Structures are given as structure tokens and as C-alpha cells.
Amino acid sequence: MATKPSIPKGTRDFAPVEMARRNYIFDTIKSVFRLYGFQQIETPAMENLSTLMGKYGDEGDKLLFKILNSGDYLLHANPSALENRDSVKLMHDISEKGLRYDLTVPFARFVVMNKENLVLPFKRFQIQPVWRADRPQKGRYREFYQCDVDVVGSESLLNEVELIQIVDEVYRRLKINVVIKLNNRKILSGIAEVIGAADKIVDITVAIDKLDKIGLDNVNAELAEKGVSAAAIEKLQPIISLKGTNKEKLATIKEVLATSETGVKGVEECSTILNLAEQLGVATEIELDLTLARGLNYYTGAIFEVKAKDVEIGSITGGGRYDNLTGVFGVSGLSGVGISFGADRIYDVLNQLNLYPEELLQSTQLVFTTFGENEFAYALQCLKQVRAAGIPAEIYPECVKIKKQMAYANGKGTPYVAIVGETEVAEKKVMLKDMVSGEQTLVSIDELIAKIKK
RNA sequence: GUGGGUUUAGCUCAGUUGGUUAGAGCGUCGGAUUGUGGUCCCGAAGGUCGUGGGUUCGAUCCCCAUACCCCACCCCA
């Protein structure tokens with residue numbers, strides 16, 4: 001035997017059971033997106049590296065999968081880079097394309113390229129795989145699907161609220177208990193400003209983000225290590241350990257941030273979003289969480305994250321507002337807000353909680369089993385009628401022992417089997433067997449169709 | 001990029017303080033039952049014990065190297 005085949009690290013095959021489950025997730029998400037007026041687009045798996053590089057920070061550049069140029073790529077490579085084994089320099093010469101790292105940047109590129117044809121505000125959704133070259137671990141893959149939904153070209157906070165409604169509706173349909181965490185970049189900026197460490201905003205928020213994981217003392221230690229002054233850390237304490245309802249929190253923050261114009265704006269945005277969500281009857285719990293600090297590189301307003309309540313898995317949906325989405329591609333003045341559903345993690349959550357509808361894998365409703373050539377020919381005609389009636393059905397394609405044909409139907413989880421022998425053909429009927437109860441009845445094709453359809 | 005763990009049948013895993021033919025459950029195939037699946041009963045097939053070296057009379061087991069997968073950190077969905 002040749003060496004066993006395998007697939008690249010961090011990638012997966014999806015067998016029929018898994019596809020049935022994944023499609024259930026995708027279909028649920030898609031139908032909610034459409035309900036809110038979003039339209040689907042797709043972009044290529046590969047983008048020019050010039051589109052991708054520099055958009056995700058240094059860390060992100062390292063995690064990009066690069067595609068080797070076709071042909072004799074070393075012919076045009078910089079000789080000194082080659083000589084000195086300078087991978088970074090050499091890379092520019094031998095690779096000009098890469099696999100997409102997320103769906104937001106390709107979307108921004110798409111908007112810029114199609115600006116003239118788009119009706120603004122443009123509401124798009126996109127469900128495609130993305131690739132990251134980091135080391136796989138639990139709930140983390142090198143190829144995974146994102147389900148992005150974004151509005152570009154509108155600064156209205158209603159967009160934020162509609163995204164919250166979408167989250168609410170998707171998880172209600174999937175029957176997953178979640179909590180939506182809400183924060184605002186402007187509040188974080190205000191905090192940094194007020195404690196006199198405006199330049200340290202990223203360090204501060206990254207440290208605060210770990211509060212749940214490493215505890216207050218360690219957070220403070222990390223802050224000190226990053227060069228935040230003791231006085232600033234002291235000022236930060238009431239904000240880090242903020243408690244109470246969202247309204248109480250906002251009231252407290254508003255006072256603390258009174259001197260920061262940006263901070264106050266952030267507080268107002270949060271209030272507006274929370275109030276509107278309440279008026280519109282969003283059932284999912286929304287928690288104002290100042291320690292939420294994802295995607296700070298580009299978010300400028302609201303920041304969202306959704307966590308499953310009953311499973312320890314990290315965030316299953318995330319997103320936020322990014323002003324100037326298309327600025328890096330030369331078109332300024334377009335604000336966007338969007339979220340991304342992590343399909344692979346939702347899949348893991350549904351698996352752990354076993355929340356799939358029962359009938360997901362029943363592709364075939366009926367299998368015809370036959371005893372010989374004559375019966376087979378007769379069954380083919382019956383099969384045609386059954387399919388015409390819209391019932392997914394099949395026939396065992398070979399004349400083998402009936403036992404084997406039954407085992408096939410059973411193995412596929414088929415609910416009904418039609419047994420066709422000499423007597424059935426003679427009477428123009430079939431023996432319909434209910435595979436769950438084991439009950440058998442002699443019926444005509446019309447009766448069979450009526451029985452399975454109901 | 002840093003650190004840890006694993007690797008024995010198709011799958012999930014036992015096991016030998018280094019000693020003849022390496023086991024179980026599940027799955028697969030066959031039979032019981034020549035018009036009936038699943039359940040029950042009987043039987044069978046299937047492993048160079050991840051790979052390459054070393055120690056030893058002898059290695060699946062001990063040592064070294066390597067690969068792969070997994071887990072944690074960083075970061076992120």
C-alpha cells in the first residue's frame with residue numbers, strides 16, 4: 001500500500017452527516033440575513049498580496065498563506081535576497097497572491113472596485129472559508145468559514161441595532177443561549193485619555209480584556225509592565241471593576257469620562273443602541289462589557305462579541321463599527337458596521353449540546369428493494385412516480401439478496417422501504433415497510449405517496 | 001514563534017517491571033433465516049505496536065532523533 005493520504009494540518013473533511021449539520025447552520029443564518037435585506041456576494045479565495053498585506057498588523061501578515069508564483073519563479077528573484085536567505089525580501093519576488101484571511105478586507109476591496117454600481121447603503125452578506133497559517137488547537141482551524149454581514153455607507157446606529165436583532169434571531173432559531181457583549185471604542189479611547197495614557201490604549205485594553213482569565217492583580221501587573229503609570233492604574237480601577245446594570249454602568253462611566261468629548265460620545269452611542277434594542281424587544285441579554293477589546297486595530301465605534309452561555313468555547317460571533325472601511329484602498333468617507341458568525345464554533349456548540357433537529361440526515365425517504373429482473377423493471381416505473389410526487393427515493397441498483405438491500409436502506413436511516421416481489425408486481429402494488437415500527441402493508445403507488453407525504 | 005502530551009486493529013483504547021502465537025469493545029464481513037433491515041445468538045477477517053537509529057542474547061516496552069496529531073501560551077473565529 002502506498003503511504004496513507006492525509007490532509008493539511010488544521011483542515012477538515014466534511015462527511016454527509018457533518019454537511020447536513022453545517023448546512024443547517026448556514027441555511028439558518030442565511031435566511032435571517034435575507035430577512036433583514038442583506039444580499040449575498042462572493043470574492044475569490046485568493047487576493048493580491050498588496051490587498052492583504054498590512055491590514056491585519058504584523059502578526060496577521062505572518063499568518064497569511066502565500067501562493068507561490070507560477071512558472072520558474074526563482075528566475076526573477078532578487079539574487080542577494082536569495083543568497084542571504086532573506087525570506088521576507090524574497091517573498092515579494094516569488095509570491096504575489098495569498099489566500100484571504102478574513103472577509104472584511106476583500107469586501108472593502110470589492111466596495112472600492114464596484115463603488116459606481118452599488119446602491120448605498122450597501123447591505124451584503126458573505127459566507128466563505130478563510131485561511132490562517134497559525135497553529136491549530138481546540139476550536140481553531142487553518143481553514144474555517146466566516147459568515148459576515150455588513151452595512152457600508154451608513155452611520156446610523158440603527159444598523160448596529162439591526163445586527164443585534166440578527167444575532168438575537170439566529171441564535172433563537174438555533175436554540176443556543178447566548179449573551180451579547182457590547183463595548184465602544186470611543187469609551188476605551190476616553191478612558192485612556194482621562195487617565196492620561198492616550199497612547200497606551202491598545203496595551204490597556206488588551207490587558208483589561210484578560211480580566212476574566214488572569215484576574216485583577218495580574219491585569220494590573222501587566223499594565224505596569226507595559227509602562228502605564230501607577231497613578232493611571234489607580235484611576236483605572238473603578239472602571240475595570242465596574243458593576244451593576246447597563247444603565248448604572250453607563251451613568252458611572254459618563255461621570256468619569258465627563259472631560260473627554262470622545263468618551264461621552266461613546267457613552268451616548270451605547271445608550272442609544274441599548275435603548276433602541278430594548279424598544280424593539282430584543283430578547284437576548286445584552287451586557288455592557290468594557291473589557292471587551294477585540295479588533296482594536298480597526299474598530300472605531302461599537303464592538304460586539306457573542307458568547308454561548310452553556311459551552312466554554314470563546315466567542316462565536318464578533319464585530320463592530322469601522323469608520324473609513326475603504327480608506328486603505330483610497331476611498332474615504334465610507335463607514336461600515338458588521339459582524340461575523342463563526343460557523344465552525346457554532347457547529348462545535350451545537351454538537352456539544354446536541355441541538356440538531358432529528359430529521360437532518362434523512363435524505364432518502366424510500367428505498368425500493370427487488371427480488372429479480374422483472375420486479376426491478378416494475379419498481380423503476382414506481383420509483384419514477386414517487387419522485388415525480390416530490391419524495392426523495394431510490395432503488396437498490398443491483399439484484400442482490402434482499403437482506404443486503406434492506407441493510408443498505410437501514411444503514412442510510414431511510415424511514416420506508418418498498419419491497420417488490422412477484423405477488424406485488426402481479427397486483428400492481430408494493431409491500432411498504434415502516435423501518436421504525438417494522439409494520440408492513442400492501443399498498444398501491446398512490447396510497448404509498450399519500451402515506452409518506454403526510 | 002515558545003512549552004507540554006500522545007502515537008498499539010477501520011474507530012475508541014487496554015497491555016507487557018524487556019521473553020514464544022499483542023487483547024477488548026464498537027465497526028466490517030459471513031452464518032443462524034434460499035421474501036426482510038435494526039435487536040439477540042454463533043463465527044471470521046483485520047496489527048512490520050508512527051518512522052529511523054541505539055542498548056540488549058532478545059525491544060511494542062528502555063535511550064536518542066524525527067514525523068504526525070492533540071493541548072496550552074501569543075493572537076484570534
Side-chain angles (χ1 to χ4, degrees), chain A residues 1 3-12 15 25 29 56-64 87 100-104 127-148 202 205-207 209-210 213-214 218 222 292-298 304-308 313-320 338-349 367-372 375 396 399-425 430-440 442:
Chain A
M1 188 176 64
T3 51
K4 265 190 187 172
S6 62
I7 55 176
K9 189 188 295 216
T11 65
R12 296 152 298 165
I25 296 169
I29 290 173
Y56 310 104
D58 293 343
E59 195 73 25
D61 284 354
K62 273 189 233 159
L63 298 180
L64 281 172
S87 308
R100 78 167 93 77
Y101 180 89
D102 72 357
L103 300 179
T104 306
I127 298 178
Q128 289 188 275
V130 303
W131 294 269
R132 295 184 188 177
D134 69 353
R135 195 174 288 206
Q137 51 179 285
K138 196 175 185 66
R140 234 151 129 194
Y141 309 96
R142 295 179 118 181
E143 177 185 65
F144 61 97
Y145 276 72
Q146 289 191 330
C147 310
D148 270 32
V202 172
T205 48
V206 166
D209 185 40
K210 294 178 189 163
K213 240 180 193 172
I214 63 177
N218 289 321
E222 182 165 330
L292 176 59
R294 293 297 158 89
L296 277 180
N297 288 333
Y298 40 93
F304 307 104
E305 184 167 293
V306 178
K307 289 193 138 184
I313 196 163
S315 125
I316 52 177
T317 294
I339 52 173
S340 179
F341 287 80
D344 300 273
R345 286 193 175 172
I346 294 173
Y347 175 79
D348 289 343
V349 170
V367 171
F368 282 90
T369 60
T370 56
F371 282 101
E375 293 90 337
Y396 194 88
C399 290
V400 295
K401 277 197 287 190
I402 204 77
K403 180 173 174 171
K404 181 145 190 179
Q405 303 185 45
M406 295 289 291
Y408 170 78
N410 187 61
K412 281 189 86 163
T414 313
Y416 294 100
V417 167
I419 302 164
V420 183
E422 238 177 288
T423 47
E424 283 83 6
V425 175
V430 300
M431 185 62 80
L432 180 64
K433 174 159 185 164
D434 181 322
M435 292 296 275
V436 178
S437 67
E439 211 172 280
Q440 295 188 180
L442 193 62

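Convention: sequence-line order gives letters A, B, ...; per-chain numbering from 1. Just so you know, these numbers come straight off a predicted model, no measurement behind them.
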- Message: Using whole Å, what does the distance between atom C1' of nucleotide A77(B) and atom CG of L103(A) come to?
- Response: 11 Å

- Spell out protein contact along nucleotides 27-38 of chain B as letters: B when the base is contacted, S when just the sugar-phosphate is, - when no protein heavy atom is under 4.0 Å; keep the 5' to 3' order. ----SB--BBBS

- Query: Separation of Q137(A) atom CD from C76(B) atom P, in whole Å?
  - Reply: 13 Å

- Task: Figure out the CH2/C1' separation between W131(A) and A77(B), and round it to whole Å.
- Result: 15 Å

- Side chains of F341(A) and Q146(A): closer than 4.5 Å at any heavy-atom pair? no

- Could you pull out the closest heavy-atom pair between F304(A) and L292(A), with the gap in Å? C-CD2, 4.0 Å

- May I ask you to verify whether the side chain of R135(A) and the base of C71(B) hold a donor-acceptor pair under 3.5 Å? no

- Message: Work out how far the P atom of G1(B) is from that of G54(B), and round it to whole angstrom.
- Response: 31 Å

- For A343(A) against I25(A), the heavy-atom pair lying closest together: O-CD1, 4.2 Å

- So which of R140(A), R142(A), K9(A), K62(A) actually passes salt bridge (Lys or Arg N to Asp or Glu O under 4.0 Å) with D134(A)? R140(A)

- Report, as yes or no, whether the 6.0 Å neighbourhood of atom CD on E422(A) holds more than 12 heavy atoms from other residues, nucleotides or ligands. no

- Message: Applying a 3.5 angstrom cut-off to the pairing atoms, does RNA chain B sit in any stems of at least three consecutive Watson-Crick or G-U pairs? List them by first number.
- Response: B:1-5 with B:69-73, B:10-13 with B:23-26, B:28-31 with B:41-44, B:50-54 with B:62-66

- Message: Please compare R140(A) and I7(A) by the position of their nearest nucleotide in RNA chain B and report the one closer to 5'.
- Response: I7(A)

- Say you pick atom P in U7(B) and the same atom in G50(B); how far apart are they, in whole Å? 8 Å

- Which is true for F341(A) with a 4.0 Å heavy-atom rule: it touches a base, it touches only sugar-phosphate, or it touches nothing? nothing

- Message: Taking L64(A)'s backbone N and O only, do any of them form a donor-acceptor pair with R132(A)'s side chain (distance below 3.5 Å, no angle check)?
- Response: no

- Message: I'd like the C1' distance from G46(B) over to C26(B), given in whole Å.
- Response: 14 Å

- Determine the Euclidean distance between corresponding P atoms of A9(B) and C76(B); express it in Å to zero decimal places. 40 Å

- Query: Between G19(B) and C61(B), how far is it from one C1' atom to the other, in whole Å?
  - Reply: 12 Å

- Item | Qualifying residues under salt bridge (charged side-chain N to carboxylate O under 4.0 Å, His left out), relative to D434(A), sequence neighbours excluded | none

- Query: For the pair made of NZ in K307(A) and P in A77(B), what is the distance, rounded to whole Å?
  - Reply: 13 Å

- Item | Distance, C1' atom - from U17(B) to U6(B), rounded to whole angstrom | 23 Å

- Item | Euclidean distance, atom CG of residue L292(A) to atom C1' of C75(B) [Å, nearest integer] | 16 Å

- Message: Can you check the distance between U66(B) and G25(B), where both ends of the measurement are the C1' atom (answer in whole Å)?
- Response: 33 Å

- Query: Which part of the nucleic acid, if any, lies within contact of K9(A), taking any heavy atom under 4.0 Å across all strands shown: a base, the sugar-phosphate backbone alone, or nothing?
  - Reply: sugar-phosphate

- Would a 4.5 Å heavy-atom cut-off, applied to side chains only, mark R345(A) and F144(A) as touching? no

- Message: Using a 3.5 Å distance criterion without hydrogens, assess whether the side chain of E375(A) forms a donor-acceptor pair with backbone atoms of V425(A).
- Response: no

- Query: If we only count heavy atoms from C-beta on, is the L63(A) to Y56(A) side-chain gap below 4.5 Å?
  - Reply: no

- Interatomic distance, Y141(A) OH vs C75(B) C1' [rounded to whole Å]: 17 Å

- Between atom CG in D61(A) and atom P in C76(B), what is the gap in whole Å? 14 Å

- Query: Rounding to a whole Å, what distance do you find between D344(A):CG and C76(B):C1'?
  - Reply: 13 Å

- Item | Gap in Å between the two C1' atoms, one belonging to C13(B) and one to U8(B), rounded | 9 Å

